[in-house]
There are 2 protein chains.
Amino acid sequence: MSDKTNTNLKEAGLKATLPRIKILEILQATSGTHHHYTAEDIYRELVINNYDIGLATVYRVLTQFENAGIVVKHQFDANKSVYELIDAEHHDHMVCVDTGEVTEFHDETIKRKQREIAAEHGYELLDQSLVLYVKKKQK
Amino acid sequence: MSDKTNTNLKEAGLKATLPRIKILEILQATSGTHHHYTAEDIYRELVINNYDIGLATVYRVLTQFENAGIVVKHQFDANKSVYELIDAEHHDHMVCVDTGEVTEFHDETIKRKQREIAAEHGYELLDQSLVLYVKKKQK
DNA sequence: ATGCTTGCAAACGGTTTGCACGTGT
DNA sequence: ACACGTGCAAACCGTTTGCAAGCAT
């Protein structure tokens with residue numbers, strides 16, 4: 001898997017350096033439920049594992065990953081960004097306003113409707129951001 | 001109309017002060033196409049009209065308006081917020097990535113689908129944010 | 001009169017950048 | 001070797017806040 005990781009980086013035109021490899025590994029960690037990380041989440045994780053990697057580098061690497069199409073940057077909250085590995089199936093998010101829990105979903109009907117709407121206005125749909133703010137239904 | 005303005009403020013539990021009245025008037029200005037303002041847009045407008053109102057006050061007033069349900073805060077771009085008067089019909093936005101132009105739209109199909117999806121996950125839909133990033137279709 | 005508002009300037013917090021040093025190929 | 005990548009600390013920039021003075025009621 002570390003082979004695969006290096007390959008990914010090379011393919012993206014990025015030298016396989018320690019910081020980039022470690023950050024990519026953290027993003028790929030499937031153990032926790034949350035695969036949405038802030039720059040500091042990742043930085044903290046690095047510090048815990050005794051890697052001497054600066055926060056500035058984390059930001060730089062994440063930006064490079066974003067440009068390389070390895071990662072998407074989301075803005076669920078007004079004043080901090082979270083990053084997420086891009087997987088094959090691109091999905092949207094619902095955020096619980098009480099717990100902050102993030103659930104992913106995908107819906108083709110909505111996607112299709114969006115393209116229609118853009119087209120009606122003479123536009124082509126390049127990208128889209130949909131976030132539902134929800135709370136647990138109590139009965 | 002300045003009567004109406006004061007009434008709005010009073011109803012919202014806010015004293016009718018000069019800064020609040022003027023900021024509300026700017027938000028209500030229907031002349032320009034863009035009714036999406038950054039705090040500085042509004043500040044600049046105030047300066048042009050020779051009002052001695054600080055940027056900090058603009059932020060404070062906009063936040064109060066937001067809490068009072070007079071205004072919504074959007075985050076089309078990562079590092080600046082825009083504010084918009086809430087009108088009866090609540091709508092979504094498409095932003096042209098080339099020109100920055102913002103077009104509003106409303107679609108009931110999408111809204112309904114969203115409620116369904118939230119419900120499927122045991123959630124209740126409180127709020128939602130949908131932004132389409134588009135570009136002019138060239139032929 | 002008195003409590004909410006405001007202007008100013010300083011603080012904040014996430015993110016970016018300049019620079020000299022370190023590292024991958 | 002040499003270009004590219006990195007750590008550190010300082011800069012940035014939109015936004016928030018403490019404080020003393022100013023208004024609306």
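All chains are named by letter (A, B, ...) in the order of the sequence lines, taking the proteins before the strands, and each is independently numbered beginning at 1.
A:H106 and A:E104 share no donor-acceptor pair across their side chains, judged by distance under 3.5 Å alone.
The separation between A:L9 atom CG and D:dT6 atom P is 10 Å, rounded to whole Å. The separation between A:I53 atom CD1 and C:dG22 atom C1' is 13 Å, rounded to whole Å. Atom pair B:L62:CG and C:dT5:P shows a separation of 15 Å (rounding to whole Å applied). Rounding to whole angstrom units, NZ of residue A:K22 and P of C:dT23 are separated by 16 Å. Between the OH atom of A:Y51 and the P atom of C:dG22 there is a distance of 21 Å, given to the nearest Å. One atom, CG of A:N79, and another, C1' of C:dT15, lie 12 Å apart when rounded to the nearest Å. Summarising the geometry, the separation between CG on B:L55 and P on C:dT6 is reported as 14 Å, rounded to the nearest angstrom. For A:Q75 and D:dT15, the CD to P distance is 11 Å, given to the nearest whole Å.
The closest side-chain heavy-atom distance from B:E45 to B:Y37 is not below 4.5 Å.
The side chain of B:Y59 places no N or O atom within less than 4.0 Å of a non-bridging phosphate oxygen (OP1 or OP2) of D:dT16. Within the 4.0 Å cut-off from OP1 or OP2 of D:dT15, at least one side-chain nitrogen or oxygen of B:S81 is found.
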Full working for side-chain contact (heavy atoms from CB on, under 4.5 Å) between A:V82 and A:D77: CA-CA 9 Å; A:V82 296; A:D77 184 30; over 6 Å; no

Trace of the side-chain contact (heavy atoms from CB on, under 4.5 Å) decision for A:I110 with B:I117: CA-CA 11 Å; A:I110 290 179; B:I117 292 168; 3.9 Å; yes

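Both B:V47 and B:L27 belong to a common hydrophobic cluster when Ile, Leu, Val, Met, Phe, Trp and Tyr are linked at side-chain heavy-atom distances under 4.5 angstrom. Clustering ILVMFWY residues whenever any of their side-chain heavy atoms sit less than 4.5 angstrom apart, transitively, puts A:L14 in the very cluster that holds A:Y51.
With axes fitted over five pairs at each extremity, the angle between the ends of the helix from C:dC12-D:dG14 to C:dT25-D:dA1 is 30° (10° resolution).
Interatomic distance, B:L62 CG to B:I42 CD1, rounded to the nearest 0.5 Å: 4.5 Å.
Comparing atom distances between the A:T63 side chain and each of C:dT16, D:dT16, D:dT15 picks out C:dT16 as nearest.
With sequence neighbours excluded, no residue satisfies ring-ring contact (aromatic ring centres under 6.0 Å, His included) with B:H121.
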Can you give one letter per nucleotide of nucleotides 18-25 of chain D, 5' to 3': B if a protein heavy atom sits under 4.0 Å from the base, S if only from the sugar-phosphate, - if neither? B------S

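Results of the ring pair (Phe, Tyr, Trp, His ring centres under 6.0 Å) test with B:H74 over B:H91, B:H35, B:H93 single out B:H93 as the only residue that passes.
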